[in-house]
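One structure is given below, encoded as structure tokens.
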Amino acid sequence: MLYYLFRYLNEHYNLPGIGVFQYTTFRAGLAVVISLLIALTFGHRLIKILQRKQIGESVRDLGLQGQNEKKGTPTMGGLIIILAILVPVLLLARLRNIYIILMLLSTVWLGLIGFLDDYIKVFRKNKEGLSGRFKVLGQVGLGITVGWVLFYSNEITIREYLQPNGTFSTVNATKFYKDVHLMITTVPFMKDNELNYANLFATAGTIFNGLYGFLYIPIVIFLVTAISNGANLTDGLDGLAAGTSAIIGITLAIFAFVSGNALLADYLDVMFIPDSGELVIFCTAFVGACIGFLWYNSYPAQVFMGDTGSLTLGGIITVLALVVRKELLIPILCGVFIIENLSVVVQVSWFKYTKRKYGEGRRLLRMSPLHHHYQKLGYHESKIVSRFWIVGIMLAVITLVTLKLR
């Protein structure tokens, strides 16, 4: 909103300094400040309201150190994160941008699913919350919507440059180019690091040329569901999910900035995605919201994000990676979320297998998700969180290295 206001003022009244709002970097920096301020000020007030209404976390006795101290801690704090993202983005971003619309949709969509889950747990006193079937249905619905828009919208384009031999390439920029709708993604650590989804069916004959959407959309559904559930499982220790998400958000902000800047994309020899630079504003608001929430969520936590926050964080990260064509980097970038997810899958599968084979269920980990395993080993909560953050930083660095290491 402010973007359009100040552009109007600049075009019609030419006020000194007002043109600075046209720069993505300025608006991105301002988005961080606003999201931090909202998280800090609104967070304090929300915690007071939640405490007054006795909206606290009910804790099952799992025999974990310090677990009983968390009982009654306010939950549904994900509302802080969502508000701290939405307000600066609505104020500072170009709201007609297809990528911004997709990110706003994803934030509200999963935020509502998470809020409904927390509402049932807290107000209906149902510890199970929203049925897993309905939760997955909501995630699948978002995956279908995002996949459909990315696959079929003509506003989703990449830039191809005319080469001396008459062919077009997404790198090695020249002054002759065209913006085309192509389903191409980045393949990490490869020299010619692009994969066209259409080529996956090329060997099957021309009859299958238009069917690769039936492959792409299920991939989107799987990623949205897996990573949002992974973030949800990671939200088990104070500050773990928020801190990990902030690290991932900074990495995606760099990718969005590079992909949305023609000069940097040319210098780094990566594909230029027109209009994607606007995502930097969303990413910085996202990072500011996570860090601002950490003010209250770091050990010992004054508030928990609940499913309202954790499902939203995972969904936002997945959609961001998809729109900047970095979905194949998700296994590295979101490694913490994925290993938390896998630890539960492996633990449950092994338990069922051994029960069927030996008549008695056995466990590979002392407890899942993985962070609880380390708690059972006697590690302090803050040490586990710090080390998971360090792992997250290492994975983020490896992800960023793919910009040049091929």
Side-chain angles (χ1 to χ4, degrees), residues 57-71 73 75 77-78 110 114 117-118 121 127-130 132 135-136 139 222-248 290 294 297-301 304-315 317-318 330-354 361-395:
E57 183 80 5
S58 59
V59 179
R60 289 185 301 165
D61 186 10
L62 301 173
L64 297 172
Q65 182 183 5
Q67 184 183 20
N68 291 330
E69 299 170 8
K70 298 177 184 290
K71 190 174 182 179
T73 302
T75 187
L110 286 177
D117 186 56
D118 287 335
K121 289 177 183 176
K127 292 182 180 180
E128 298 301 320
L130 184 65
K135 196 183 295 184
V136 170
Q139 294 166 324
F222 172 77
L223 290 174
V224 169
T225 305
I227 302 303
S228 58
N229 284 332
N232 186 244
L233 291 170
T234 304
D235 182 35
L237 298 179
D238 298 348
L240 180 55
T244 304
S245 297
I247 294 165
I248 296 172
C290 290
L294 266 177
N297 186 239
S298 57
Y299 182 84
F304 299 139
M305 67 173 67
D307 284 13
T308 307
S310 58
L311 288 176
T312 306
L313 292 179
I317 287 167
T318 307
I330 285 178
I332 303 174
L333 181 59
C334 301
V336 172
F337 293 161
I338 291 172
I339 198 66
E340 292 274 48
N341 226 337
L342 287 176
S343 69
V344 174
V345 173
V346 170
Q347 181 85 325
V348 172
S349 300
W350 181 251
F351 185 86
K352 289 182 177 179
Y353 170 75
T354 53
R362 300 175 184 178
R363 293 174 173 84
L364 288 172
L365 303 172
R366 293 200 175 186
M367 189 175 178
S368 63
L370 186 62
H371 55 262
H372 287 326
H373 170 73
Y374 289 111
Q375 275 188 293
K376 287 284 190 179
L377 290 175
Y379 288 91
H380 191 274
E381 182 171 339
S382 58
K383 182 180 284 290
I384 298 170
V385 171
S386 299
R387 289 184 173 177
F388 271 59
W389 285 355
I390 292 170
V391 171
I393 292 170
M394 292 169 60
L395 293 172

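Quick note: numbers below take in every heavy atom, side chains included, and nothing from hydrogens, waters or symmetry partners.
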Q) Considering the options L342, I330, I248, which one meets the side chain to side chain contact (heavy atoms under 4.5 Å, CB included) requirement together with F337? A) I248

Q) Do you know which of V385, L237, I339 makes side chain to side chain contact (heavy atoms under 4.5 Å, CB included) with H371? A)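 Of the listed residues V385, L237, I339, the side chain to side chain contact (heavy atoms under 4.5 Å, CB included) partner of H371 is L237.
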
Nearest non-hydrogen partners of [X] and [Y], listed with the distance:
X	Y	value
K376	R366	O-NH1, 3.5 Å
C334	I317	SG-CG2, 3.6 Å
S368	S343	CB-O, 3.8 Å
P369	E340	CB-OE1, 3.4 Å
L313	C290	CD2-SG, 3.8 Å
A241	M305	CB-CE, 4.0 Å

Q. Applying side chain to side chain donor-acceptor pair (under 3.5 Å), which residue pairs with at least one partner in residues 229-240 are found, sequence neighbours left out?
A. K70-D238, Q139-N229, N232-D307, N232-S310

Side chains of [X] and [Y]: does their closest heavy-atom pair fall under 4.5 Å?
X	Y	result
K135	L311	yes
Y374	R387	no
H380	I384	no
F351	R362	no

(Q) Within this structure, what is the OG1-CG distance for the pair T318 and L223, rounded to the nearest 0.5 Å? (A) 6.5 Å

Q.
So, taking the atom named CZ in F388 and the one named CG in L240, what distance separates them when rounded to the nearest 0.5 Å?
A.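 Here the interatomic distance stands at 6.5 Å.
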
Q: Could you please spell out the steps behind the side-chain contact (heavy atoms from CB on, under 4.5 Å) verdict for M367 and Q375?
A: CA-CA 9 Å; M367 189 175 178; Q375 275 188 293; over 6 Å; no

Q | Partner set under side-chain contact (heavy atoms from CB on, under 4.5 Å) for I332, not counting sequence neighbours | A | F189, L329, L395, I398, T399

I'd like to know if the side chain of [X] and the backbone of [Y] have a donor-acceptor N/O pair within less than 3.5 Å.
X	Y	value
W350	L365	no
E381	Y299	no
S349	V346	no

